[in-house]
Each structure stands twice: as structure tokens, then as C-alpha cells.
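Heads up, the thing below is written out as C-alpha cells.
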Amino acid sequence: EHPGIYLTRDEIVKRREVLRSGERAKPMYDALIGGCTEWLGKEIVLPDPKVPAQMRDRGDAQAKAHSLMSKMAGWLGWAYQLTDDERYAAKAREILIGYAKLYPNDYAEHKGVHASDTSKVMAQRLSEAMWLLPLIQSYDLICGAKCLTDADRRLIQEDLFRTAVTFINSKRSAAVEIADRTRKNPDWRTAEPEKAAGAVGNWSNFYNAAYLQAGIVLGDQNWIDLAAANTRYMIANGIGDDGLWKEGTIGYQRFARQALVACLEPRARKGVD
């Protein structure tokens with residue numbers, strides 16, 4: 001069912017009136033629709049894959065351009081669901097198709113912020129996953145729109161989403177990863193998570209959110225199972241007895257929680273505890 005990551009079509013329709021007129025909701029609704037309407041007149045030009053060849057900072061101009069394009073794709077998807085105006089879906093499609101055509105080959109792998117990490121559109125895989133999530137959600141929201149053909153859906157799913165999550169997962173497909181885990185422990189999906197040697201990094205929460213949400217729109221249970229097991233590991237090892245994320249400063253609490261919600265809420269909606 002699409003949409004189905006956070007809200008269903010029926011749930012969105014039921015909330016439309018309060019979103020349009022509610023005291024707290026209306027300012028955000030107006031900002032969303034107003035911003036998306038402005039974008040209807042914009043030509044979609046994705047950042048040049050060759051500029052810069054070596055990205056060094058998640059806050060540089062190229063990274064900000066990618067982030068804006070991703071955010072707007074997500075907003076346009078919501079504008080479509082809230083209004084049924086096909087123009088918003090068509091504009092979101094332009095962004096998704098554009099990235100699907102460029103991502104596999106034109107956006108080259110490069111070293112970014114950390115010498116041990118690489119990326120394709122951003123400065124590190126953490127930022128790559130954060131960039132990918134609104135694109136996945138946009139597709140979930142416009143999947144049933146008239147402007148999308150079956151060929152469009154295949155292109156977006158395979159060349160953008162599957163290629164991106166495979167890259168983020170150290171270039172390992174979910175099928176290969178799961179085969180390895182099954183050889184080591186056939187019950188890995190339900191086994192108690194192993195104990196980590198130290199505090200686990202928050203980055204993996206965003207990787208897992210991307211795996212899960214991509215798995216949902218791809219209809220690929222392997223990515224869903226992988227994300228589910230990884231998230232259980234992160235909960236077991238990332239959260240201390242005081243309920244706080246173990247790693248880093250207090251500022252990590254909101255950041256880590258943002259990604260964990262993106263892992264847990266869609267799974268709960270699919271009936272996974």
C-alpha cells in the first residue's frame with residue numbers, strides 16, 4: 001500500500017481539514033503548499049556530478065544543493081497527497097527520475113569528510129542516507145500518481161534506491177549480507193543482539209532507516225529484515241540504563257532519536273514489534 005511508510009492514504013485524507021485550518025497546523029500547511037507551488041515554476045537542475053570532484057564538507061554548496069533537492073521532493077510528495085494536485089507529483093517525479101538516471105554512474109564515488117569513508121552525492125555515507133530518506137518518502141507518496149509509468153517506477157526503485165542502499169551498506173546487497181548471516185546463525189533474525197565492545201555510532205541508525213524504508217518501497221524483505229536486526233542491535237547497545245544515547249554529547253539524543261523513529265514507526269505500521 002502506498003503511501004505506507006508513515007501514514008496511509010486514508011489517514012492523510014482524514015487529517016486534511018485539520019491540517020488546513022488547525023491553529024498549529026495551518027502555518028506549516030500554508031508554508032508547505034506555498035513553497036511547493038513556487039517550485040512548480042522552477043526548472044529542475046540537479047547538481048553537476050563533476051563539481052566538485054572531491055567534496056570535503058557536508059555544508060558546502062554542492063551538499064546544500066542536494067539536500068534542498070531531496071527535501072523539496074519530499075515536500076512535493078506531501079503537497080500531492082494533501083491536495084490531489086497532479087502537478088506536485090509531476091515535479092517530484094522530475095527530481096526522482098533525474099537522480100535515478102545520474103546516481104549509478106555519473107555521481108562518482110569519492111572520499112569526503114573522513115579518510116576512511118566514501119560517498120557519491122554527499123560528503124559521507126551518513127549524509128548520503130539522510131539525503132536518500134526524503135526521496136524514498138517522496139516516491140512512497142506519489143507512487144500511485146498518473147505521471148508515473150511502470151518504467152519510471154522500475155528506474156527509481158532499482159537505479160536510485162537499490163543502488164544507493166547497496167552503496168551505503170559497504171556495496172553489499174541485502175541478499176549477500178543475509179546469506180552470510182544465515183550461514184553463521186540461522187536464527188539471526190530473532191536471536192538476542194550481540195554485546196558491543198563499546199558505544200555504537202549513531203550513523204548506523206540512519207543507514208538502517210534507509211535500508212528499512214527502501215525495503216518497504218522496493219517490496220524487498222531482505223532489506224527490511226536486515227534493518228530490523230540492525231535496529232535491535234542499536235537499541236540494545238546504543239541506549240544506556242539512563243535511557244540516553246551512550247555516544248557523544250547530549251546533542252546526540254535528538255539526532256539518534258530522529259533516526260530511530262524512522263526505523264521503528266514504519267516497522268510498527270507493517271506489524272513488526
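We count residues from 1, following the sequence as given. All heavy atoms count here, side chains included; hydrogens, waters and symmetry mates do not.
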| note | Here the pair of heavy atoms bringing Leu132 nearest to Ile168 is CD2-CD1, 4.2 Å
| Would you call Glu158 and Arg154 a salt bridge, taking side-chain N to carboxylate O under 4.0 Å as the test? | no
| task | Verify the neighbour count for atom NZ of Lys14: are there more than 12 heavy atoms of other residues, nucleotides or ligands below 6.0 Å? | result | no
| field | Tyr211-Trp223 aromatic ring centre distance below 6.0 Å | value | yes
| request: For the pair Thr83 (side chain) and Ala79 (backbone), establish whether a donor and an acceptor sit closer than 3.5 Å, ignoring hydrogens and angles. | output: yes
| Side-chain donor-acceptor contact under 3.5 Å, Glu128 with Ser119 | yes
| message | Test your reading of the model: is there a side-chain donor-acceptor pair from Ser204 to the backbone of Tyr207, 3.5 Å cut-off? | response | no
| Are any of the side-chain nitrogens in Asp84 or Arg16 under 4.0 Å away from the carboxylate oxygens of its partner? | yes
| Pair Asp152 + Arg93, salt bridge at N-O below 4.0 Å | yes
| field | Over 12 non-hydrogen atoms of neighbours within 6.0 angstrom of CD in Glu265 | value | yes
| Can you tell me if Ser170 uses its side chain to pair, donor with acceptor, with the backbone of Arg172 under 3.5 Å? | no
| task | Run the salt-bridge test on Asp85 and Arg87 with the 4.0 Å N-O cut-off and return the result as yes or no. | result | yes
| task | Could you tell me whether Asp30 and Lys26 have a side-chain N and a carboxylate O separated by less than 4.0 Å? | result | yes
| task | Cation-pi check, Lys184 to Trp188: give yes when NZ or CZ is under 6.0 Å from the six-membered ring centre and within 45° of the ring axis, no otherwise. | result | no
| field | Ion pair Glu109/Lys171, N-O distance below 4.0 Å | value | yes
| request: Report yes or no: do Tyr6 and Gln213 form a side-chain donor-acceptor pair below 3.5 Å? | output: yes
| Are Lys42 and Glu38 ion-paired here, with the side-chain N under 4.0 Å from a carboxylate O? | no
| task | Determine yes or no for a side-chain-to-main-chain donor-acceptor pair under 3.5 angstrom, with Gln81 supplying the side chain and Leu141 the backbone. | result | yes
| Salt bridge present between Lys91 and Glu94 (N-O < 4.0 angstrom) | yes
| note | Heavy-atom nearest pair, Ile33 first then Tyr88, reads CG2-OH, 3.7 Å
| said: For the aromatic rings, using the six-membered ring if either is Trp, is the centroid distance between Trp131 and Tyr103 under 6.0 Å? | reply: yes
| said: Could you check whether Arg269 pairs with Glu11 (Lys NZ or Arg NE/NH1/NH2 to Asp/Glu carboxylate O, under 4.0 Å)? | reply: yes
